[in-house]
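Below is one structure; the comments refer to it alone.
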Amino acid sequence: TREVAIKENSFSPNTEEYAYFQWYLALYYQYSIDQEKTLQAYEKAIASISAESFNYSEMEIRYDYLQWLKKNNPSLYEEKRQEFLKRLTQLNLYYYQNYLVEKRPRPLSHHYNFPTEHILETAHLRSQIARFQKNLAVLDFINQIQKQLIKQKETESLITESMILIKRYFLIDFLVCYIGSHHDQYKTWKLVYSSHELKNIPPDLYENIRSCFTTQKPRLVNDLVAHYMRLFFPQYYSVMYFPLFVEGKEIGCIFFANRKKENAFSEETFQTIQLAIQQINTMLENIIYAELLRHTAQTDMLTGCANRFALQNRLTEEEERAKRSPDYNFSVVFTDMDNFKYYNDHFGHSIGDAILEEIAAFLSKNIRKIDLIGRFGGDEFVIVLPETNHQKALLFFRRLYRKLEEENFFQKLFEKYFDHTSIPPEKKLSISAGIADYRQAGSLEKLLEYADIALYESKKQGKNKATAYKEK
């Protein structure tokens with residue numbers, strides 16, 4: 001007994017090594033058939049291992065303890081079994097609950113027969129092995145993250161697959177990721193991944209995250225009880241925040257939260273996930289750069305519409321679809337700004353460019369998601385309308401004319417750029433359009449030609465109107 005007491009004093013209470021020492025001591029007392037000391041050793045082991053951050057060895061010790069109680073102290077067995085189940089529920093470790101209800105119990109751990117002088121060395125060794133296993137688990141996690149990152153080519157799939165992997169390796173109650181867009185310089189972020197359904201996300205979560213984490217640095221708050229952030233995240237006990245960057249600019253974030261004290265994030269978990277986030281961020285930068293290159297290659301830099309290259313690609317796709325399906329049809333609308341040359345010549349190209357931007361923004365705002373608007377050249381725009389014949393396309397553009405009138409679009413344009421300037425009545429700014437569909441034309445070349453002929457008819461009939469091509 002004196003020898004054991006001396007060895008016990010070699011450890012600090014509530015440490016992993018002390019827990020392993022008491023566990024092996026319990027095994028030794030079982031061999032010595034000393035039930036009271038066995039019970040005490042198990043209780044000390046469980047109290048010690050559960051005092052630190054979560055450790056799966058706690059489950060092994062508790063299970064081992066239950067197996068011993070079932071055989072040697074049935075009256076205490078059910079009490080400790082319920083205690084174990086409660087602990088598993090707290091930690092969301094439902095996998096281990098199967099061991100307590102299965103007809104076939106999990107195999108017992110081997111109870112080795114070793115002399116007392118080896119207990120100390122065995123506890124130290126077990127602790128070293130546990131740390132080594134933790135390091136291996138971290139390496140395995142990082143390796144899996146790297147494998148997953150290599151496969152991803154799009155932002156949303158990269159984030160989704162990475163977050164699923166992180167949740168698989170760590171106890172995480174809640175996880176969201178927000179990422180912005182280059183269209184507004186990443187000022188507004190949108191939700192790209194959530195571990196919960198949208199209806200279960202606090203409505204003010206985004207605003208609270210943006211207002212609380214302003215230093216653009218990763219942050220761990222493992223106890224919100226007495227922290228000012230408790231006002232913003234009252235449902236959580238522990239949170240982690242990781243910003244995402246492109247060229248030093250914060251473009252989004254990943255936010256983790258756990259509700260219970262038992263699952264509070266440790267510094268070790270924070271450091272491991274931070275390492276993974278750094279790799280995710282590197283791959284995210286590469287994907288965003290590639291997306292920007294694709295966007296630049298297909299976008300008219302003045303208006304933000306599709307350029308001639310992207311427009312031709314879309315028309316080719318629509319033609320291929322029409323060739324595959326005889327019932328499929330699509331239309332194009334050829335538009336031209338009436339009297340645009342007058343404004344360019346009299347007020348300069350900067351005013352002309354501003355007008356084109358305003359017109360492009362209006363048209364883009366008033367088309368469907370499946371439609372495409374592209375700048376064909378100068379002041380000419382082409383709108384591609386899938387699943388639409390020329391009659392429906394004509395109705396669509398007439399609705400646009402009504403919208404222009406309802407919003408006083410051109411009147412506001414004049415007030416903005418030409419206030420107190422006399423414009424001849426015959427030089428008023430307006431839009432003319434020509435419409436044709438693929439079934440009329442039979443080829444892309446003829447389709448654009450027919451739409452151009454219809455546009456010429458609109459001009460000839462007094463401008464500021466849309467005309468559908470009619471076969472002669």
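In this text, all values refer to a predicted model and were calculated from it rather than measured experimentally.
Counting heavy atoms of neighbouring residues, nucleotides and ligands inside a 6.0 Å radius, atom CD of Glu154 does not exceed 12 of them. For Tyr328, the OH atom is densely surrounded, since the number of other residues' heavy atoms within 6.0 Å is greater than 12. Other residues, nucleotides and ligands contribute over 12 non-hydrogen atoms within 6.0 Å of the CG atom of Leu231. Within a 6.0 Å sphere centred on NZ of Lys392, heavy atoms belonging to other residues, nucleotides or ligands number 12 at most. Atom NZ of Lys153 is surrounded by 12 or fewer heavy atoms from other residues, nucleotides or ligands within 6.0 Å.
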Original post:
Going through the distances and angles, do Leu356 and Phe381 end up as a side-chain contact (heavy atoms from CB on, under 4.5 Å)?
Top reply: CA-CA 10 Å; Leu356 290 177; Phe381 293 90; 4.1 Å; yes
**OP:** Decide yes or no on side-chain hydrogen bond (donor to acceptor under 3.5 Å, both in side chains) for Ser458 and Thr467, but give the supporting numbers first.
**Re:** CA-CA 6 Å; Ser458 295; Thr467 304; 2.7 Å; yes
Original post:
Can Arg259 and Asn263 be said to form a side-chain contact (heavy atoms from CB on, under 4.5 Å), step by step?
Top reply: CA-CA 7 Å; Arg259 293 185 174 86; Asn263 297 348; over 6 Å; no
Original post:
Passes side-chain contact (heavy atoms from CB on, under 4.5 Å), Phe84 versus Leu66? Steps please.
Top reply: CA-CA 9 Å; Phe84 189 17; Leu66 279 180; 3.2 Å; yes
Original post:
Checking side-chain hydrogen bond (donor to acceptor under 3.5 Å, both in side chains) for the pair Ser350/Asp353: CA distance, chi angles, key distance, verdict?
Top reply: CA-CA 5 Å; Ser350 60; Asp353 288 348; over 6 Å; no
Original post:
Going through the distances and angles, do Lys190 and Glu156 end up as a salt bridge (charged side-chain N to carboxylate O under 4.0 Å, His left out)?
Top reply: CA-CA 11 Å; Lys190 72 169 186 173; Glu156 291 198 13; 3.6 Å; yes
**OP:** Give the intermediate values and the outcome of salt bridge (charged side-chain N to carboxylate O under 4.0 Å, His left out) for residues Arg402 and Glu406.
**Re:** CA-CA 6 Å; Arg402 287 197 295 271; Glu406 289 169 6; 5.4 Å; no
Original post:
Would Glu291 and Thr155 satisfy side-chain hydrogen bond (donor to acceptor under 3.5 Å, both in side chains), going step by step from the backbone distance to the final call?
Top reply: CA-CA 9 Å; Glu291 290 174 350; Thr155 298; 3.2 Å; yes
Original post:
After noting the C-alpha distance and the side-chain angles of Val239 and Tyr241, does the key distance pass the side-chain contact (heavy atoms from CB on, under 4.5 Å) rule?
Top reply: CA-CA 7 Å; Val239 298; Tyr241 174 86; over 6 Å; no
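The side-chain tip of Arg321 does not point at the ring of Phe330 from less than 6.0 angstrom away and within 45° of straight on.
For the pair Ser266 (side chain) and Thr269 (backbone), a donor-acceptor distance under 3.5 Å is present. Between the Asn222 side chain and the Ser238 main chain, no donor and acceptor come within less than 3.5 Å of each other. A donor-acceptor distance shorter than 3.5 angstrom exists from the side chain of Arg375 to the backbone of Gly378, with no hydrogens or angles considered. Remark: the backbone N or O of Arg210 is not paired with any side-chain donor or acceptor of Thr214 at under 3.5 angstrom. Looking at Arg324, its side chain never comes within 3.5 Å of a backbone N or O of Glu319 through a donor-acceptor pair. With Tyr438 contributing its side chain and Gly442 its backbone, the two residues share a donor-acceptor pair below 3.5 Å. The backbone N or O of Arg368 sits less than 3.5 Å from a side-chain atom of Asp371, completing a donor-acceptor pair. Within the 3.5 Å criterion, the main-chain N or O of Lys260 finds no donor-acceptor partner in the side chain of Asn258. In this structure, Asn208 contributes its side chain and Asp204 its backbone to a donor-acceptor pair below 3.5 Å. Using modelled atom types, no side-chain atom of Asp338 and backbone atom of Leu429 make a donor-acceptor pair closer than 3.5 Å.
Taken from CG in Leu372 to CG in Leu385, the straight-line distance is 10.0 Å, to the nearest 0.5 Å. Remark: Glu267 CD to Phe270 CZ distance equals 6.5 Å, nearest 0.5 Å. Between Phe242 atom CZ and Asn281 atom CG the span is 11.5 Å, to the nearest 0.5 Å. The distance from atom CD1 of Ile273 to atom CE of Met240, rounded to the nearest 0.5 Å, is 3.5 Å.
The existence of a salt bridge linking Glu161 and Lys147 is excluded, since no basic side-chain nitrogen approaches an acidic carboxylate oxygen closer than 4.0 Å. A salt bridge does not link Glu262 to Arg87: none of the charged nitrogens lies less than 4.0 Å from a carboxylate oxygen. Ionic pairing of Glu83 and Lys80 is present here: one or more N-O contacts between side-chain nitrogen and carboxylate oxygen are shorter than 4.0 angstrom. A salt bridge between Glu318 and Arg314 is present, with a side-chain N of the basic residue lying under 4.0 Å from a carboxylate O of the acidic one. Contact check on Lys416 versus Glu358 returns a salt bridge, with a Lys/Arg side-chain nitrogen under 4.0 Å from an Asp/Glu carboxylate oxygen.
The minimum heavy-atom distance linking Ala451 with Ala436 is given by the pair N-CB, 3.8 Å. A pairwise comparison of heavy atoms in Phe255 and Ala257 identifies CE2-CB, 4.0 Å as the closest pair. Listed here is the closest heavy atom pair of Thr335 and Phe397: CG2-CZ, 3.7 Å. Nearest approach of Leu400 to Phe362, heavy atoms of both residues: O-CZ, 4.0 Å. Of all heavy-atom pairs spanning His390 and Ser331, the tightest one is N-OG, 3.4 Å. Taking both residues in full, the closest heavy atoms of Val192 and Thr160 are given as O-OG1, 4.2 Å, listed atom of the first, atom of the second, then distance.
For Tyr228 and Phe233, the gap between ring centers reaches or exceeds 6.0 Å.
With a 4.5 Å cut-off on side-chain heavy atoms, Phe396 and Thr388 do not count as touching. Residues Leu444 and Gln312 form a side-chain contact, since some pair of their non-hydrogen atoms from C-beta on lies under 4.5 Å apart. Using a 4.5 Å heavy-atom threshold, the side chains of Glu250 and Tyr186 count as separate. Side-chain atoms of Leu205 and Phe174, non-hydrogen and from C-beta on, do get closer than 4.5 Å to each other. Side-chain atoms of Leu158 and Met283, non-hydrogen and from C-beta on, do get closer than 4.5 Å to each other. With contacts defined as side-chain heavy-atom distances shorter than 4.5 Å, the pair Tyr206/Thr188 qualifies. Residues Tyr18 and Ile49 are not in side-chain contact: their nearest non-hydrogen atoms beyond the backbone lie 4.5 Å or more apart. Using a 4.5 Å cut-off on side-chain heavy atoms (C-beta onward), Phe232 and Ser211 make contact.
With respect to Tyr237, the side chain to side chain contact (heavy atoms under 4.5 Å, CB included) criterion is satisfied by exactly one of Asp173, Val221, Val225: Val225.
Ring pair Phe256/Phe265 is perpendicular by interplanar angle, where above 60° counts as perpendicular and below 30° as parallel.
Thr316 and Asn313 are not linked by any side-chain donor-acceptor pair at a separation below 3.5 angstrom, with hydrogens and angles left out of the test. In this structure, a donor-acceptor pair under 3.5 Å is present between the side chains of Asp64 and Tyr42.
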